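Worksheet for the structure shown next.
To find a chain, count down the sequence lines: A is the first, B the second, and so on, and within it residues start at 1. Note that the coordinates shown come from a computational prediction; the quantities given were computed from them, not determined experimentally.
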2 protein chains.
Amino acid sequence: MSPAPDPRQRAWARFVVAQALLFERIEAAFGAAGLPELAWYDILWVLECAEGGRLRMHDLARQAVVSRSNVTRLTDRMEKAGLVARADCPEDGRGTVCELTARGRALRAKMWSVYRKQIDTLFGQHLGVREAEMISTAFERIIDSTNQRKST
Amino acid sequence: MSPAPDPRQRAWARFVVAQALLFERIEAAFGAAGLPELAWYDILWVLECAEGGRLRMHDLARQAVVSRSNVTRLTDRMEKAGLVARADCPEDGRGTVCELTARGRALRAKMWSVYRKQIDTLFGQHLGVREAEMISTAFERIIDSTNQRKST
DNA sequence: ACATTGTTATTGCAATTGCAACGACAAGAT
DNA sequence: ATCTTGTCGTTGCAATTGCAATAACAATGT
């Protein structure tokens with residue numbers, strides 16, 4: 001899919017390559033700074049956005065776009081590192097809530113300083129404001145369309 | 001990074017989420033059709049684009065945006081499946097060339113029919129032509145910028 | 001109350017990946 | 001020719017991931 005004739009397929013091709021290259025660079029930057037991988041950042045960020053810094057595993061998985069079993073292993077390791085804490089859910093005997101710790105918040109802030117620089121250098125630097133806004137709205141449409149299969 | 005104030009950071013946030021969701025769906029579609037994973041498609045496509053359907057491992061890894069060791073394992077499995085064939089490189093005693101087989105071409109075509117539908121449904125469907133063109137050029141700039149560190 | 005069905009989080013296991021180290025060869029200097 | 005230095009492709013090993021199966025509980029209907 002290199003000389004794709006259709007502009008939409010062409011856009012997809014660039015999207016795929018850019019994605020691979022950028023994540024590679026970002027992971028390298030985290031590694032060079034002695035910080036954990038991007039997946040941990042995502043978990044920390046989703047938790048920090050949540051009411052009370054806590055979320056049930058199911059919701060955490062969905063919002064971080066990670067498989068159910070994967071979020072279990074991920075939070076296992078993060079709990080060992082003292083970044084999150086798990087506790088039984090009082091409203092649902094099956095459930096578990098995952099809560100951000102102070103240490104988790106601190107690490108996310110530290111990771112963000114590295115992440116932000118990378119996003120700017122590798123991505124934002126090459127976009128005009130109008131372009132960035134267009135990409136936001138377009139991708140938001142795309143994201144919403146994948147979730148439309150349960151509402152109504 | 002949800003209510004990101006900066007439009008570029010907002011664009012990045014959507015980019016990350018869309019990427020995860022779309023790849024998840026596409027892999028699921030391949031799996032449901034009894035086809036291999038997307039990584040195999042990428043390798044097949046890069047080879048098919050190459051002169052003579054053959055490429056040295058190093059170039060294959062770079063063009064498919066895969067680590068060196070990973071392309072070795074990937075082509076190991078694909079060779080066992082009869083999709084590619086490896087041979088020593090005549091011009092360089094260290095090198096290995098990886099060549100697409102007829103079976104490999106056939107599988108790529110079959111995978112494309114599934115892949116194409118997914119790209120259209122999940123991605124292209126939600127973009128205007130102007131938007132698609134803008135995304136293509138913007139991401140091309142981004143891709144090019146990551147490679148600029150060796151020329152000159 | 002009870003049985004049935006669905007959901008939640010976890011785990012075992014196999015498969016995949018990244019990282020560092022390796023052997024084989026090429027390229028350039030002396 | 002020899003010696004260093006760098007590159008190519010592969011592999012061992014540890015870590016990570018996906019998939020299917022599981023136990024525990026919720027929700028619904030009878």
With sequence neighbours excluded, what pairs up with B:Phe123 under the ring pair (Phe, Tyr, Trp, His ring centres under 6.0 Å) test?
A:Trp12, A:Phe15
Identify each atom pair where a protein N or O and an N or O of nucleotides 1-6 of chain C are less than 3.5 Å apart, giving names and distance.
unit_1, atom_1, unit_2, atom_2, d
C:dG6, N2, A:Arg94, NH1, 3.0

Looking at every heavy atom in both A:Ala132 and B:Ala11, which two are closest together, and how far apart are they?
O-CB, 3.6 Å
Who pairs with A:Gln118 by side chain to side chain contact (heavy atoms under 4.5 Å, CB included), at least two apart in sequence or on another chain?
A:Ile26, A:Ala29, A:Leu122
Which nucleotide of DNA chain D is the first, and which the last, in the 5' to 3' direction, to come under 4.0 Å of a heavy atom belonging to chain A?
D:dT16 to D:dA26
Using side-chain heavy atoms (C-beta onward) and a distance below 4.5 Å, is A:Cys98 in contact with A:Leu55?
no
Please report the interatomic distance CD(A:Glu37) to CD1(A:Ile43), rounded to the nearest 0.5 Å.
10.0 Å
Near-strand residues of residues 26-38 of chain B, defined as heavy-atom separation under 4.0 angstrom from DNA chain C:
none
Looking at every heavy atom in both B:Arg8 and A:Gly124, which two are closest together, and how far apart are they?
CD-O, 3.1 Å
Each base of DNA chain C marked ( ) or [ ] if paired in-strand (Watson-Crick or G-U under 3.5 Å), | if paired to another strand and . if unpaired gives ||||||||||||||||||||||||||||||
Can you list every pair that meets salt bridge (charged side-chain N to carboxylate O under 4.0 Å, His left out) and has a residue in residues 71-91 of chain B, with sequence neighbours left out?
B:Asp76-B:Arg86, B:Glu79-B:Arg86
Nearest 0.5 Å, please: how far is OG in B:Ser113 from CZ in B:Arg108?
10.0 Å
Measure across A:Gly82 and A:Thr101 and return the closest heavy-atom pair with its distance rounded to 0.1 Å.
O-OG1, 2.7 Å
Between C1' of C:dC25 and CD of B:Glu91, the distance in whole Å
15 Å
Do B:Leu127 and A:Ile142 have side-chain heavy atoms sitting under 4.5 Å apart?
yes
Contacts of A:Arg116 meeting side chain to side chain contact (heavy atoms under 4.5 Å, CB included) (sequence neighbours excluded), chain-then-number -> A:Trp112, B:Gln9
For the residue pair B:Thr146 and B:Ile143, what are the closest heavy atoms and their distance?
OG1-O, 2.7 Å
If you take all heavy atoms of A:Ser67 and A:Ala61, which pair is closest and at what distance?
O-CB, 4.3 Å
Suppose we screen for side chain to side chain contact (heavy atoms under 4.5 Å, CB included). Which residues come up paired with A:Ala81, at least two apart in sequence or across chains?
A:Trp40, A:Leu83
Tell me, please, which residues at least two apart from A:Gln125 pass side chain to side chain donor-acceptor pair (under 3.5 Å).
none
Below 4.5 Å, heavy atoms only, C-beta onward: do B:Pro36 and B:Met111 meet side chain to side chain?
yes
Going by number, which of residues 64-80 of chain A have a non-hydrogen atom under 4.0 Å from DNA chain C?
A:Arg68, A:Ser69, A:Thr72, A:Arg73
Contact list please: residues 52-60 of chain B against DNA chain C, heavy atoms, distance less than 4.0 Å, in numerical order.
none
Just so I know, are the side chains of A:Glu24 and A:Leu21 near enough to count as touching, which here means a heavy-atom distance under 4.5 Å?
yes
